Participant: 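Would you mind keeping the following structure in view while I ask a few things?
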2 protein chains.
Amino acid sequence: MNLPISCRQCPLRGTHAFSPYSDEEIDFIQGILAHQVNVKAGTIFLHEGDDGKQLYTVLSGWAFRYGSLSDGRHQIFNFLLPGDFIGLQHQLEEASQHGVEALTDLTLCVFPRDGVWDLYRTHPALGLDLTRLCAHEERIVDANLLSVGRRSATERIAMLLIHLYKRAERVGLAGSDDLDFPLTQQHIADALGLSLVHTNKTLKRLQKSGFFTLAEGRLKLVNPAAMARLADYPAWPLRAHPLI
Amino acid sequence: MNLPISCRQCPLRGTHAFSPYSDEEIDFIQGILAHQVNVKAGTIFLHEGDDGKQLYTVLSGWAFRYGSLSDGRHQIFNFLLPGDFIGLQHQLEEASQHGVEALTDLTLCVFPRDGVWDLYRTHPALGLDLTRLCAHEERIVDANLLSVGRRSATERIAMLLIHLYKRAERVGLAGSDDLDFPLTQQHIADALGLSLVHTNKTLKRLQKSGFFTLAEGRLKLVNPAAMARLADYPAWPLRAHPLI
DNA sequence: CGACTAGTTGAGCCGATTCAACCCCAGTGG
DNA sequence: CCACTGGGGTTGAATCGGCTCAACTAGTCG
């Protein structure tokens with residue numbers, strides 16, 4: 001747990017990825033923010049079945065949401081990057097139906113549930129923005145469901161890599177032509193509904209064909225246009241997101 | 001297009017499925033409601049790529065949300081039943097990333113986008129409820145993604161049928177021990193990421209084993225406990241939902 | 001120096017797919 | 001009136017994408 005850095009100095013707000021807020025709004029968010037926490041890679045900081053008394057914004061690092069069956073099979077629903085909000089899914093439930101695990105070391109802004117209610121009451125525009133964030137999350141899950149339900153293994157992998165690359169790039173995580181990519185092949189398999197072995201073989205084959213390289217935790221899209229064609233990647237316009 | 005019936009007389013509010021609102025709140029909702037529309041079964045009333053200038057609440061009938069790839073493959077994301085809200089996913093986008101099609105004849109309450117903004121501004125508790133609805137939708141998509149990613153064809157079908165049965169039952173659509181079930185085998189296949197042929201064979205086999213019967217548009221769960229075991233159906237508590 | 005994690009590769013199998021018929025029934029129009 | 005058509009459902013045969021099992025490498029940590 002750290003002393004919170006000032007929200008006005010929030011490094012994320014500097015990028016073009018997020019909609020601008022007034023100083024008053026930013027100060028209000030700062031006011032309901034309880035504190036910041038650091039979470040070690042691999043930690044499950046929200047378990048399936050937990051009650052969600054707190055909500056979070058990812059300040060830095062990667063995480064993922066997942067669900068599981070009682071025999072241990074599990075599925076990653078979505079990856080979480082800086083700026084993503086966590087907890088709307090269970091704020092009114094006594095039991096969360098998904099877990100959230102840190103993929104890398106993580107810094108989170110922590111909001112108590114009551115603060116969120118204050119937000120709706122006193123800053124309706126921010127309330128609407130929270131709904132927008134929630135709706136955006138759902139669109140990502142929709143897109144993943146379309147992949148897992150209808151795309152081949154090859155197409156799924158191309159889709160996931162492009163999509164994560166774009167998302168990471170927009171929040172400033174990409175280098176000049178590549179990206180720190182913390183997923184293991186197991187994570188990719190868990191997100192795409194594939195077995196680890198088949199993920200490995202497909203990944204290899206695509207790299208041999210010159211679509212991308214993925215080694216030592218770095219991802220580089222060698223031929224993004226061909227990947228987009230392969231994945232039937234939709235050219236959605238990038239828009240500024242709310243950042244709470 | 002009909003004259004709206006009064007929201008105070010809304011047949012859905014009579015059931016125990018929805019959280020109670022004050023008369024003032026109900027009148028406010030009535031005030032922003034533009035009108036009601038009837039939609040014929042099979043009509044796509046929200047296309048992929050449309051701008052969502054209007055939002056809807058399903059008053060009666062079934063519908064589904066879906067997405068598709070450019071070569072025609074498509075995936076149903078979720079089914080929509082009375083009380084479900086449509087449109088949060090695209091209210092701020094110029095282009096919806098999913099389509100919505102009427103499965104049966106449908107009656108919809110239509111809200112203009114600006115009315116929703118008024119709702120946040122003047123009735124923050126209702127705004128919070130809209131976020132709840134959005135979060136709930138996302139949980140359903142999460143559950144579907146878990147099915148499609150990790151359950152076998154047999155398990156997926158059991159899961160879908162139980163889940164839809166419970167959802168329909170809670171809004172009063174079930175008879176004493178069965179249910180009007182408007183999905184064709186093609187819809188089931190599209191929702192579960194399966195082929196039509198395999199869906200048919202699996203459906204037949206499960207019925208022969210005595211799990212359920214599905215014929216002439218009626219679904220009856222003969223052995224719901226065995227189905228729940230087969231599907232690893234989670235016993236989430238039923239809670240009242242908001243109804244906007 | 002194990003022990004463990006992440007990745008790699010081959011062999012064989014099986015669940016789900018595609019292709020191809022076929023049935024029943026409700027419209028619909030000549 | 002009845003032939004025709006199209007939607008929904010059923011079934012068998014052949015194929016294949018992705019699965020499981022199994023073995024092995026390389027790097028890292030205590």
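Below, each value reflects all heavy atoms present in this structure, side chains not excepted, and no hydrogens, waters or symmetry copies. Numbered from 1 within each chain, the chains take letters A, B, ... in sequence-line order. All figures in this text were calculated on a predicted structure; none of them were measured in a lab.
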Participant: According to a strict under-4.0 Å criterion, is B/N200 in side-chain N/O contact with OP1 or OP2 of D/dG9?
Facilitator: no
Participant: Rounded to the nearest angstrom, tell me the gap between atom CG in A/L206 and atom P in C/dT8.
Facilitator: 13 Å
Participant: Could you tell me whether A/D232 and A/R151 have a side-chain N and a carboxylate O separated by less than 4.0 Å?
Facilitator: no
Participant: Can you tell me the distance, in whole Å, between the CD atom of B/E216 and the C1' atom of C/dC24?
Facilitator: 12 Å
Participant: Grab the CG-C1' distance between B/L196 and D/dT11 for me, whole Å please.
Facilitator: 12 Å
Participant: Categorize B/T202 for me: base, sugar-phosphate, or nothing, with a 4.0 angstrom heavy-atom threshold over every strand shown.
Facilitator: nothing
Participant: Which is true for B/T184 with a 4.0 Å heavy-atom rule: it touches a base, it touches only sugar-phosphate, or it touches nothing?
Facilitator: sugar-phosphate
Participant: Check every atom of D/dT10, C/dA16, C/dT9 against the side chain of A/V197 and return the nucleotide holding the closest atom.
Facilitator: C/dT9
Participant: Closest to the B/S195 side chain: C/dT18, D/dG18, C/dG7?
Facilitator: C/dT18
Participant: Just how far, in rounded Å, is C1' of D/dC19 from CZ of A/R156?
Facilitator: 12 Å
Participant: Tell me what B/G193 touches on the nucleic acid: a base, only sugar-phosphate, or nothing, going by heavy atoms under 4.0 Å.
Facilitator: sugar-phosphate
Participant: Look at the side chain of A/E155 and the backbone N and O of A/S152, then say whether any donor-acceptor pair between them is shorter than 3.5 Å.
Facilitator: yes
Participant: Rounded to the nearest angstrom, tell me the gap between atom CG in B/L192 and atom P in C/dG15.
Facilitator: 18 Å
Participant: Below 4.5 Å, heavy atoms only, C-beta onward: do B/K201 and B/V197 meet side chain to side chain?
Facilitator: yes
Participant: Can you label the angle between the B/Y56 ring and the B/F45 ring as parallel, tilted or perpendicular, going by 30° and 60°?
Facilitator: perpendicular
Participant: Measuring to OP1 and OP2 of C/dT5, would you say a side-chain N or O of A/Q185 lies under 4.0 angstrom away?
Facilitator: no
Participant: Rounded to whole Å, how long is the line connecting atom NZ of A/K204 with atom P of C/dG10?
Facilitator: 11 Å
Participant: Determine the sole option in B/R65, B/Q75, B/H47 for which the side chain to side chain donor-acceptor pair (under 3.5 Å) test with B/H98 is passed.
Facilitator: B/R65
Participant: Could you tell me whether B/L194 contacts a base, only the sugar-phosphate backbone, or nothing, with contacts defined as non-hydrogen atoms closer than 4.0 Å?
Facilitator: sugar-phosphate
Participant: Of B/R205 and A/K201, whose closest DNA chain C nucleotide lies nearer the 5' terminus?
Facilitator: A/K201
Participant: Could you tell me how far apart B/R73 (CZ) and C/dT18 (P) are, to the nearest whole angstrom?
Facilitator: 10 Å
Participant: Could you state the atom-to-atom distance from CD of B/Q186 to C1' of C/dT17 in whole Å?
Facilitator: 14 Å
